[in-house]
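Let me begin by presenting the structure, written as structure tokens, before commenting on it.
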Protein chains: 2
Amino acid sequence: MKRSGPVLVHSQASPDARWRNQILQGHCVTEMERLPAGSVDAIFADPPYNLQLGGDLMRPDHSKVDAVDDAWDQFESFQAYDAFTRAWLLAARRVLKPNGTLWVIGSYHNIFRVGASLQDLGYWILNDVVWRKTNPMPNFRGKRFQNAHETLIWASRDQDAKNYTFNYDALKASNDDVQMRSDWLFPICSGGERLKDEDGVKAHPTQKPEALLARIIMASTKPGDVILDPFFGTGTTGAVAKRLGRDFVGIEREDEYVRIARDRIDDVEPLADDELKIMGGKRAEPRVPFASLVEAGLVAPGTVLTDSKRRYRARVRADGTIAVGDDAASIHRIGARVQGLDACNGWTFWHVSRGQNLMPIDELRTLARQRMTVAATA
Amino acid sequence: MKRSGPVLVHSQASPDARWRNQILQGHCVTEMERLPAGSVDAIFADPPYNLQLGGDLMRPDHSKVDAVDDAWDQFESFQAYDAFTRAWLLAARRVLKPNGTLWVIGSYHNIFRVGASLQDLGYWILNDVVWRKTNPMPNFRGKRFQNAHETLIWASRDQDAKNYTFNYDALKASNDDVQMRSDWLFPICSGGERLKDEDGVKAHPTQKPEALLARIIMASTKPGDVILDPFFGTGTTGAVAKRLGRDFVGIEREDEYVRIARDRIDDVEPLADDELKIMGGKRAEPRVPFASLVEAGLVAPGTVLTDSKRRYRARVRADGTIAVGDDAASIHRIGARVQGLDACNGWTFWHVSRGQNLMPIDELRTLARQRMTVAATA
DNA sequence: CTAATAATTGAATCTGGCG
DNA sequence: TCGCCAGATTCAATTATTA
């Protein structure tokens, strides 16, 4: 069944129901100020950058900024643009959860101003990312380099926010097992993906490719998270968020864009939960103390541990510590001590003999984890 | 004949002789203020990045990363950094000819502030350019994207400066007859090019590759032009300028850097006029992450992959990993795991069905690469 | 001597949970 | 909020060492 409004994925009883998976029609600052503080997990913003677009770019006295024709006017425009930028970045920061992150995309016309403003407001830049376009528009006059990229800034709300979402292991696994770089290659939005009206005229001048949003959302959010887009346009963020099992909030002023985005998002079919799981790394695994391997009988007290080259030896004790001579401590401490280092991951450093070979105790931990899972599900 | 001071290429009688092809030792602003107004054709500036590093960073092998912790990179605050930036940008603008252009390089730590400041001062941005590094330092803690690029801003002195030098046709000819893009690929400066002292310690922490300077100089200056570098360091700009038949002015505070730069530039042999044609060329095929096939919709999440004999099956997930049961990892890891091997090339091992037949996912990658061939040029 | 293997290194704003 | 400590974490290229 087709509905005229956006689909509410969550229960009406939820206090979020009023704004989750909705498009709020209005000015981005006004609408963000209505949202609860600390309520969204991530923000993606594609703010206007053309200084002549008017609308948002008003002088303090509400007069419209005219076409740029001299240096002083230019300065005025930058001032106006900065005021606008600070206003929405400030409102966005209030809405963001303490460990939420913000993405902004822009070109050289505006991105330096946006970047400086967000630093001034206390955001902490995590990365700048360049979207390299496979098929950028040529420079027709041959007076400059072909403008073949746009810049994204990824920032946390505060400098000391350390627990932001970053699906490092999934990104690495999807990238031939090397970590994902800060330069991404995607085609611009065209073909069937590009929304057009009945006359074939593009519905929005700066529609972003869904692939770009998909990488952003997969990288920095978890299923069920809510993503706010204060410059929603024709709703790419909402469409991709819905498809990827995330919630969204869109803010958009123009009737026409709101209508198009609504229809577009209604047509999106979310992926099954099974396909949305994010590969976690070791950090996501439950913590297993070495002592529990001893308790479970996977390692007997008295067992001799060695490093991979059998240079160092340590004995396992019943309390889950290991000892070299009378010097007993954790697998990590002793591993560090014998090597003369500050730190050591004892799980990968120490091995047990299995016949002729050595096996890292980390594999015993994997075994213990499997048993725990079986026990929990039984 | 070897000389102790920099070589004067132009006649002593020239009024420029006092400062052309010289290294001026002193503060960048002070020294620029001594130069005649409107006297240089181009400026390349590699200012301090204002890195704000916490404690030590260790590699996984417990070795310490040699951080850029030099005094010259330390600033009290963003305000202090902005004041410094405005001061040198202003002095630089006075020295620049009306049709001269400015290049600045930076990272996300400083480039947004530099870009906003130069816009405020009346410079007009022509392009931002990204230097993609073939071999950047990894992100050791897996907390962010690998920082694989730096940003350059190319700007004219004024908005209405239309007659700046841009060797469009030469760049195009050197780039397989397609126009030069704003994303450039170069290795970092290492190996024999990297200047080191007697003990093999790098002479300067942030020496830039000559190839980068060569492209900048070939793109935006003419033979005989003079290029000013207010943060001369060990003189890469001077060395490349001399080699390419341009003049230079370097400003540098530290004795040691001045001495090294002088010796370095003395050893440079300028190219003959007819050798001043272009260098360039293509680089290796771009790495295509499996994730981008998923993001681009070439493989839908939920798709079943099999090996060529349909013995093994795995499901594609939205994060770009594939899963057998709940065991998810990269196409390579899962391929290895199901076969009980240490390693496996997932691109050739896994297939998708196309009607009755199977097609290796490597063919999908080829398809994706074809879309991306335009971007493969360095 | 060559070839294989190991060690080194580069502009880095690089941990997290528990008590 | 702070201290403690478990324990997770690297890519490409060059240079040094070993076989």
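Letters A, B, ... are given to chains in the order of the sequence lines, protein chains preceding strands, and every chain is numbered from 1. None of these values were measured; they are calculated from a predicted model.
As rounded to whole Å, 13 Å separates atom P of D:dC11 from atom CE of B:Met137. B:Lys143 places its NZ atom 16 Å from the C1' atom of D:dT10, with the value rounded to the nearest Å.
For the pair B:Arg253 and B:Trp72, the cation-pi criterion (under 6.0 Å, within 45° of the ring axis) is not fulfilled.
You won't find any donor-acceptor pair under 3.5 Å spanning the side chain of B:Arg141 and the base of C:dG16, going by distance alone.
A salt bridge does not link B:Arg369 with B:Asp362: every distance from a Lys NZ or Arg NE/NH1/NH2 to an Asp or Glu carboxylate oxygen is 4.0 Å or more. One finds no salt bridge joining B:Asp61 and B:Arg59 here, because no Lys/Arg side-chain nitrogen approaches an Asp/Glu carboxylate oxygen to under 4.0 Å.
Within the nucleic acid shown, B:Val65 comes within 4.0 Å of at least one base atom, counting heavy atoms only. Among the heavy atoms of the strands lying under 4.0 Å from A:Asp169 are primed sugar atoms or P, OP1, OP2 only; no base atom is included. Using a 4.0 Å heavy-atom cutoff across all strands shown, B:Ser107 reaches no nucleic acid atom at all.
If B:Asn135 and B:Gly142 are placed on DNA chain D by their nearest nucleotide, the residue sitting closer to the 5' end is B:Gly142.
Checked against C:dA11, C:dT9, C:dA12, the side chain of B:His109 finds its nearest nucleotide in C:dA12. Considering only side-chain atoms of B:Arg59, the nucleotide from D:dT10, C:dA11, C:dA12 that sits closest is D:dT10.
As rounded to the nearest Å, D:dT17 and C:dC1 have C1' atoms that lie 15 Å from one another.
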